[in-house]
There are 2 protein chains.
Amino acid sequence: MTNKPTIQDVAKKANVSVATVSRVINEQGGVRKPTEERIKQAIKELRYVRNAVARSMVRKETKTIGVIIPDICNPFFPEIIAGIERKAIGADYSTTLSSSNESKKIESKIIQSFVERGIDGVIITTADENGEHLQPLFDANIPVVAVDRAIKHFDVDTVLTGNREGAYEAVRHLIMQKHEKIAIIRGPQDTTPGLERYKGYCQAMEEYGLPIKEEWICDGDFMEDSGYELTKKLSTCKEMPTAIFSSNNLMSIGAIKALYDMSWVLGKEVSFVGFDDIDIATFTNPPLTVVSRPMRNLGELAFQLLFERMKQDPLVKNQKREFIVTPHLIVRQSCKRSVY
Amino acid sequence: MTNKPTIQDVAKKANVSVATVSRVINEQGGVRKPTEERIKQAIKELRYVRNAVARSMVRKETKTIGVIIPDICNPFFPEIIAGIERKAIGADYSTTLSSSNESKKIESKIIQSFVERGIDGVIITTADENGEHLQPLFDANIPVVAVDRAIKHFDVDTVLTGNREGAYEAVRHLIMQKHEKIAIIRGPQDTTPGLERYKGYCQAMEEYGLPIKEEWICDGDFMEDSGYELTKKLSTCKEMPTAIFSSNNLMSIGAIKALYDMSWVLGKEVSFVGFDDIDIATFTNPPLTVVSRPMRNLGELAFQLLFERMKQDPLVKNQKREFIVTPHLIVRQSCKRSVY
DNA sequence: CACTAAAATCTAAACGTTTACATTTTATAA
DNA sequence: TTATAAAATGTAAACGTTTAGATTTTAGTG
């Protein structure tokens, strides 16, 4: 088949200039009705499709946002993406998705590719919260919104959860059930969620004068396998915990599987609270008590912040904004009152 | 800050032409060592970043694939995307993601946007298998690979699952457990998975001379709520089924919730097999017997097929290819032998 | 040294749109 | 009817890269 029709072809057919066609395509007004009709007819007959690449070159914007997440298969992130996308579509933005698999190196490559492609803005849950590797984005004046994990090295708009608060409530709930020996499966301490949730755990324990034994602190990596292995390891504790607080959803899944494999009776021999609600939480026996947060709203808020930044003059330095969404505890039945 | 440096600036600084700089950037050879070093030094000093948009205009390729799925929060699709992305990255492609939310209208808008943006290829799980609304992709000579759902109106490469085969094995398993009254929660009959899985159910029932009562056939929409409502509705059957086969993961979740809410004892009062394995399946009590398939491999295969198409001359008409990935049954404990 | 062939490098058009400024057309008022 | 202002439309440069074909430089041979 022949080459695709261009705006030039439409102009020729409608007997006008390309500027006039451009005015009609972009609905800018300033074109007489009969002229407009002729142009629209020509577009239809030629089956003209505008070329967004050419437009991007002139306008220096691509109407595309980049989303960088660590793990698409963690149920948390699809919810975030659903929220972002719902808003992005309404604003005529396309969403380019990339997963870093918790690798700073891969993330750097993604960022380089995004800058080259002229991405207008980026929403990121970074693999490395230091964030120095995000320098190319700032060099290119590309606005960034961080979700769930903060970025230390730059001032960027951030959407977080009240991690400490949520963890505090979770551990406090266990304490109110008379648990005194509470273990934590914490996330990487160089991440905001990992660190803050751990702090929430410590705060609750200290507030009630409870000991924090070294062997009760298990260092996970937010992945299911680490939750599994660390929970199994808990069985070798000198002083067995009677309750476990897990810092994220996948580690919770792993932990529950380990409890099952060790024939520890959830809700009886050991109580459990996890951070982040997922479908599975209602299916475990008994259903899990969890810290929940509105994931789609997080995504929508992230896009909203980014959208405002993309509309702004990049040279105007505005104060960074930080939103902290409050999680809440959903009490199901995985916490039994301790009879000690 | 001043405008970003262009290839022109690099050329000036290195005392060469833009063509020579382009040769170095694209590693095309034919440049003397000292010249190459000067150019690389200039790139570094100017912090030059190549402009992929300009390149796309000249080359008429964007190194971007579009992925259109119905529902990002269905755990099936993140796995597919993980598979696609793993391959895409290796081939230097970016992945633009869009969810249609099972809406043909939204899907048409996504397609229009993808065509305008010069997307090089599309992987789609379409909202409407007739597929006529995909016409703009074919008009634009954009290769398409269909995943999980076929496209009737065009010949496109397709990656499917042995839906009928998987459903047949699932239902047969129930029959071998002496179940004779088996209900199905089927997906939309205008979709390949919906229809083929229903056919597999029928084939198994007919093969063993078992009746298929109208009231045992429940029409769902692949979403959790439909699984829930339809399972509840089963309690009003004149002739109560003793087993349920659910045609997808989310409807299985809904169904299990309904059984729980109705206090039907899973694995005792009713047996259950679902299509697609998900984490939840191991957590229900008892854990679910399911039809499983290698989702990441589906994604990788889809990208592979698309990649080959994108490399091909679009005017060369090759035979469409169809791959059918064989699912397998994972027997857990949600099927109790019927004592009838 | 001269000639020729090969290698290296350069020139400038092309890709398709947008838009600033120029030109033409139209409408209105005197 | 003429003049002027406003509206409509046109012209051509710009955006930043790639590359075909031209030109220059270099290497090798007689």
Side-chain angles (χ1 to χ4, degrees), chain A residues 2-40 42-43 46-64 92 113 115-120 140-141, chain B residues 2-40 42-43 46-64 92 113 115-120 140-141:
Chain A
T2 65
N3 273 334
K4 298 184 193 92
T6 69
I7 198 169
Q8 207 96 359
D9 300 313
V10 175
K12 250 180 204 159
K13 194 172 184 67
N15 260 332
V16 291
S17 70
V18 295
T20 305
V21 178
S22 180
R23 283 191 189 93
V24 168
I25 286 168
N26 291 296
E27 299 177 354
Q28 282 166 341
V31 180
R32 279 165 160 223
K33 263 297 185 193
T35 308
E36 185 178 347
E37 292 308 315
R38 279 206 325 280
I39 290 170
K40 284 181 168 172
I43 287 173
L46 291 168
R47 286 171 167 222
Y48 166 74
V49 174
R50 65 207 289 181
N51 184 321
V53 173
R55 182 175 211 269
S56 294
M57 250 198 78
V58 176
R59 301 279 298 177
K60 298 197 180 195
E61 74 178 351
T62 54
K63 284 288 198 176
T64 302
D92 280 321
S113 172
V115 173
E116 289 184 4
R117 289 166 181 278
I119 288 266
D120 295 335
N141 282 326
Chain B
T2 64
N3 273 333
K4 298 183 193 91
T6 67
I7 198 169
Q8 207 96 356
D9 300 313
V10 175
K12 250 181 205 158
K13 194 171 186 70
N15 260 333
V16 293
S17 72
V18 295
T20 305
V21 178
S22 181
R23 282 200 186 87
V24 168
I25 288 168
N26 291 297
E27 298 177 354
Q28 283 166 339
V31 180
R32 282 169 160 215
K33 262 301 183 187
T35 308
E36 185 178 346
E37 294 306 318
R38 276 205 328 279
I39 291 170
K40 284 180 166 173
I43 287 173
L46 290 169
R47 289 169 163 223
Y48 166 74
V49 174
R50 64 207 287 184
N51 184 322
V53 173
R55 180 174 212 270
S56 294
M57 250 198 76
V58 177
R59 301 279 299 176
K60 299 197 181 195
E61 76 178 348
T62 55
K63 286 289 199 171
T64 302
D92 280 321
S113 173
V115 173
E116 288 183 3
R117 288 166 182 280
I119 288 262
D120 295 335
N141 281 327

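Labels below follow one simple rule: chain letters A, B, ... track the order of the sequence lines, proteins then strands, and each chain is numbered from 1. The analysis underlying the following values was restricted to heavy atoms, covering all of them including side chains, and did not include hydrogens, waters or symmetry mates.
- Look at CD on A/Glu61: it is 11 Å from P on C/dT18, rounded to the nearest Å.
- We find that CG of B/Asn51 is positioned 13 Å from C1' of C/dC15, with the value rounded to whole Å.
- If you take NZ of B/Lys12 and C1' of D/dG16, they are 14 Å apart, rounded to a whole angstrom.
- Rounded to whole Å, atom C1' of D/dG16 lies 7 Å from atom OH of B/Tyr48.
- Remark: side-chain polar atoms of B/Arg47 are not paired, donor with acceptor, to backbone N or O of B/Pro5 under 3.5 angstrom.
- By the 4.5 Å heavy-atom criterion applied to side chains, A/Arg50 and A/Asn26 are counted as neighbours.
- Residue A/Lys4 contributes atom NZ, which lies 13 Å from atom P of C/dC15 at whole-angstrom precision.
- Between A/Arg117 atom CZ and D/dC15 atom P there is a gap of 23 Å when expressed in whole angstrom units.
- The nucleotide whose nearest atom lies closest to any side-chain atom of A/Thr35 is, among D/dT9, C/dT17, C/dT9, D/dT9.
- Annotation: side chain of B/Lys40 is in contact with side chain of B/Val24 (closest heavy-atom distance under 4.5 Å).
- Rounded to whole angstrom, the span from the CD atom of A/Glu37 across to the P atom of D/dT9 amounts to 12 Å.
- In this structure, A/Asn51 and A/Lys4 have side chains that are not in contact, with every pair of non-hydrogen atoms separated by 4.5 Å or more.
- More than 12 non-hydrogen atoms from other residues, nucleotides or ligands lie less than 6.0 angstrom from CD of B/Gln28.
- Contact of the B/Tyr48 side chain with the B/Val21 side chain is not registered, since no non-hydrogen atoms from C-beta on lie closer than 4.5 Å.
- Within residues 17-24 of chain B, the residues approached by DNA chain C to less than 4.0 Å at the level of any non-hydrogen atom are B/Ser17, B/Val18, B/Ala19, B/Thr20, B/Arg23, in residue-number order.
- Looking at B/Arg23, its side chain never comes within 3.5 Å of a backbone N or O of B/Glu36 through a donor-acceptor pair.
- Contact annotation: B/Lys60 does not reach the phosphate of C/dA14 (side-chain N/O to OP1 or OP2, under 4.0 Å).
- Here the C1' atom of nucleotide C/dT17 and the CZ atom of A/Arg55 are 9 Å apart, to the nearest Å.
- Among the heavy atoms of the strands lying under 4.0 Å from B/Asn15 are primed sugar atoms or P, OP1, OP2 only; no base atom is included.
- The side-chain heavy atoms of A/Lys13 and A/Leu46, taken from C-beta on, include a pair separated by under 4.5 Å.
- Heavy-atom distances under 4.0 Å link DNA chain D to B/Asn26, B/Gln28, B/Arg32 of residues 25-34 of chain B, given in residue order.
- Within the nucleic acid shown, B/Ser56 has no heavy atom closer than 4.0 Å to any nucleic acid atom.
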